[in-house]
2 protein chains.
Amino acid sequence: MTGQERQRRLHRIRDRVRRRGRRWTVAKAALVEELLGASGHLSARELHEAMTAQHPQMDHSTVYRALHILAEDGIVHSLGGPGHTLFGLADEPHHHVVCGVCGSVAEIPAGDLGDLVAAAESRTGYSFSAQSLTLAGRCVACAG
Amino acid sequence: MTGQERQRRLHRIRDRVRRRGRRWTVAKAALVEELLGASGHLSARELHEAMTAQHPQMDHSTVYRALHILAEDGIVHSLGGPGHTLFGLADEPHHHVVCGVCGSVAEIPAGDLGDLVAAAESRTGYSFSAQSLTLAGRCVACAG
DNA sequence: ATATGTGCAAATGGTTTGCAAATGG
DNA sequence: CCATTTGCAAACCATTTGCACATAT
């Protein structure tokens with residue numbers, strides 16, 4: 001991802017946040033930037049640690065609250081099991097595969113599983129937004 | 001489900017536990033019976049409450065430990081997010097659909113999603129036992 | 001007999017909350 | 001300005017753990 005693309009994504013996200021009537025704060029900006037750079041999913045703890053590099057005074061509660069707001073607005077999603085919730089950006093459509101043992105996450109581009117999603121929706125009445133489908137299984141390392 | 005079927009499932013489960021070198025204890029028996037009766041998924045707290053009816057001295061830590069062992073042996077699975085993990089029997093093949101908002105769970109009989117599972121496995125290298133595929137979305141009530 | 005499981009009580013650790021001060025629009 | 005957000009400190013609550021005793025096989 002080029003620096004330009006990254007700027008574009010960042011601005012698009014910022015505008016979405018503002019359009020929702022939220023404020024574009026230091027915490028949100030820093031979290032989104034961190035997630036843009038990470039190209040993966042991070043835990044609240046990892047994010048907080050990353051924050052303290054640039055913003056040593058930022059509290060973990062701030063991280064949690066900002067993440068909660070971003071999740072409510074569909075900017076990020078949270079996934080994973082008890083004690084190891086992970087957060088990732090939601091602006092590029094994809095699905096998740098979560099290892100129930102170690103919590104690692106892989107991504108599947110949206111579209112690849114279209115049939116699956118449709119089948120699951122029609123059978124259960126549950127709705128899966130394009131970005132929010134999450135499968136739980138075991139990764140290669142934990143499959144033993 | 002008739003009482004006979006229930007007995008059969010119970011015995012099959014007990015034998016699986018023993019074959020794994022585990023002991024068939026009061027806690028495990030009571031938990032499995034409760035789950036057999038519940039025909040759904042229960043939280044650790046709900047299970048512990050149910051236990052105290054017949055076994056007032058049984059501690060929550062015992063419930064957790066027994067559930068953990070049963071999960072390791074594939075007798076039950078745990079699913080759901082932080083703070084509202086749910087447990088259900090795994091002896092009848094099915095998949096789960098979990099609402100990320102309220103934590104409610106619906107089931108999909110195994111087989112219905114066979115293609116889906118295969119696609120997800122080949123793409124990610126993750127493995128999904130027939131019983132352990134879990135999808136996360138939003139239930140009808142929470143879909144707003 | 002002996003590894004496995006249990007009860008109890010205390011710790012752990014991720015997540016949430018109340019409140020006064022700071023900040024974004 | 002004024003609602004939203006933040007820092008701080010403390011509370012919360014599900015889950016885990018250490019240890020001595022009990023139980024299943």
Side-chain angles (χ1 to χ4, degrees), chain A residues 11 13-32 41-52 54-73 75-87 98 100-103, chain B residues 11 13-32 41-52 54-73 75-87 100-101 103:
Chain A
H11 286 162
I13 289 171
R14 186 198 54 190
D15 292 347
R16 267 179 76 190
V17 168
R18 289 218 172 106
R19 249 179 273 122
R20 298 268 302 185
R22 308 290 196 179
R23 291 172 187 181
W24 187 241
T25 62
V26 178
K28 284 170 199 154
L31 286 168
V32 169
H41 297 77
L42 299 172
S43 67
R45 201 171 61 67
E46 288 170 324
L47 283 166
H48 180 231
E49 275 169 11
M51 293 303 94
T52 55
Q54 305 287 333
H55 310 280
Q57 80 298 354
M58 191 182 298
D59 192 72
H60 51 118
S61 69
T62 301
V63 172
Y64 277 108
R65 281 189 276 222
L67 285 171
H68 192 253
I69 292 172
L70 291 171
E72 263 191 350
D73 294 349
I75 308 295
V76 304
H77 14 62
S78 61
L79 44 97
H84 50 269
T85 312
L86 298 177
F87 299 87
V98 184
V101 178
C102 70
Chain B
H11 286 160
I13 289 171
R14 185 198 54 191
D15 292 347
R16 266 181 75 190
V17 168
R18 291 220 170 102
R19 249 180 273 121
R20 297 268 304 186
R22 307 291 194 177
R23 290 169 189 186
W24 188 241
T25 62
V26 178
K28 284 170 199 153
L31 286 168
V32 169
H41 298 77
L42 298 172
S43 67
R45 201 170 61 67
E46 289 170 326
L47 283 166
H48 179 233
E49 275 170 12
M51 293 304 93
T52 55
Q54 306 286 333
H55 310 280
Q57 81 297 354
M58 191 182 297
D59 193 73
H60 52 117
S61 68
T62 301
V63 171
Y64 277 109
R65 281 190 276 221
L67 285 172
H68 191 252
I69 292 172
L70 290 172
E72 263 190 351
D73 293 350
I75 308 294
V76 304
H77 6 67
S78 61
L79 43 97
H84 51 271
T85 312
L86 298 177
F87 299 87
V101 177

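Per chain, numbering begins at 1; letters A, B, ... match sequence-line order.
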Task: H48(B) side-chain N/O to Y64(B) backbone N/O, donor-acceptor pair under 3.5 Å - done: no
TODO: Please round to the nearest 0.5 Å and tell me the distance separating atom CG of L42(A) and atom CG of L86(A).
DONE: 7.5 Å
Task: dG7(C) OP1/OP2 closer than 4.0 Å to side-chain N/O of S61(B) - done: no
TODO: Using heavy atoms to find the nearest nucleotide of DNA chain C for R65(A) and R45(A) separately, return the residue whose nucleotide is more 5′.
DONE: R45(A)
Task: Rounded distance in Å - NE2 (H68(A)) to P (dT4(D)) - done: 16 Å
TODO: Answer whether the closest heavy-atom distance between the side chains of V17(A) and L70(A) falls below 4.5 Å.
DONE: yes
Open item on the list: Taking the minimum atom-to-atom distance to the side chain of M58(A), which one of dG7(C), dT6(D), dG7(D) wins?
Closed with: dG7(D)
Open item on the list: Judged by each residue's nearest nucleotide on DNA chain D, which is more toward the 5′ side, A44(B) or V63(A)?
Closed with: V63(A)
- [ ] Any chance you could measure R16(B), atom CZ, to H11(B), atom NE2, to the nearest 0.5 Å?
- [x] 15.5 Å
TODO: Return the value, rounded to whole Å, for the distance between atom CD of Q57(B) and atom P of dG5(C).
DONE: 17 Å
TODO: Provide, to the nearest angstrom, the distance between the CE atom belonging to M51(A) and the C1' atom belonging to dT6(D).
DONE: 15 Å
Open item on the list: Rounded to the nearest 0.5 Å, what separates atom CE in M58(B) from atom CG in L47(B)?
Closed with: 10.5 Å
Open item on the list: Between C1' on dG14(C) and CG on L42(A), what's the gap in Å once rounded to a whole number?
Closed with: 16 Å
- [ ] Answer yes or no: is there a side-chain heavy-atom contact under 4.5 Å between I69(B) and I75(B)?
- [x] no
TODO: State the dot-bracket string of DNA chain C. Criteria: Watson-Crick or G-U wobble, both atom distances under 3.5 angstrom; notation: ( ) intrastrand, [ ] crossing earlier pairs, | interstrand, . unpaired.
DONE: ||||||||||||||.||||||||||
Task: Beyond-backbone contact of Q57(A) with H55(A), side-chain heavy atoms, under 4.5 angstrom - done: yes
TODO: For K28(B) and R23(B), indicate whether the former's side chain and the latter's backbone hold a donor-acceptor pair under 3.5 Å.
DONE: yes
TODO: Round to a whole Å and report the spacing from CG of D59(A) to P of dG18(C).
DONE: 16 Å
Open item on the list: Rounded at 0.5 Å granularity, tell me how far NE2 in H41(B) sits from CZ in F87(B).
Closed with: 11.0 Å
- [ ] To the nearest Å, give me how far apart CZ (R14(B)) and P (dA24(D)) are.
- [x] 14 Å
TODO: Report the residues that fulfil side-chain contact (heavy atoms from CB on, under 4.5 Å) with E49(B), sequence neighbours left out, ordered by chain and then residue number.
DONE: R45(B)
Open item on the list: I want to check one thing: is the phosphate of dT15(D), taken as OP1 and OP2, less than 4.0 Å away from some side-chain N or O of T85(B)?
Closed with: yes
Task: Phosphate OP1/OP2 of dT16(D): any Y64(B) side-chain N/O under 4.0 Å - done: no
Task: Interatomic distance, R20(B) CZ vs dT25(D) P [rounded to whole Å] - done: 16 Å
TODO: Please determine, for the side chain of H60(B), which listed nucleotide (dT5(D), dT6(C), dT16(D)) has the closest atom?
DONE: dT16(D)
TODO: Could you run through nucleotides 20-25 of chain C and give me one letter per nucleotide, 5' to 3': B if any protein heavy atom sits under 4.0 Å from the base, S if only the sugar-phosphate is that close, - if neither?
DONE: ---BBS
TODO: Take atom NE2 of H55(B) and atom C1' of dG5(C), then tell me their distance rounded to the nearest Å.
DONE: 15 Å
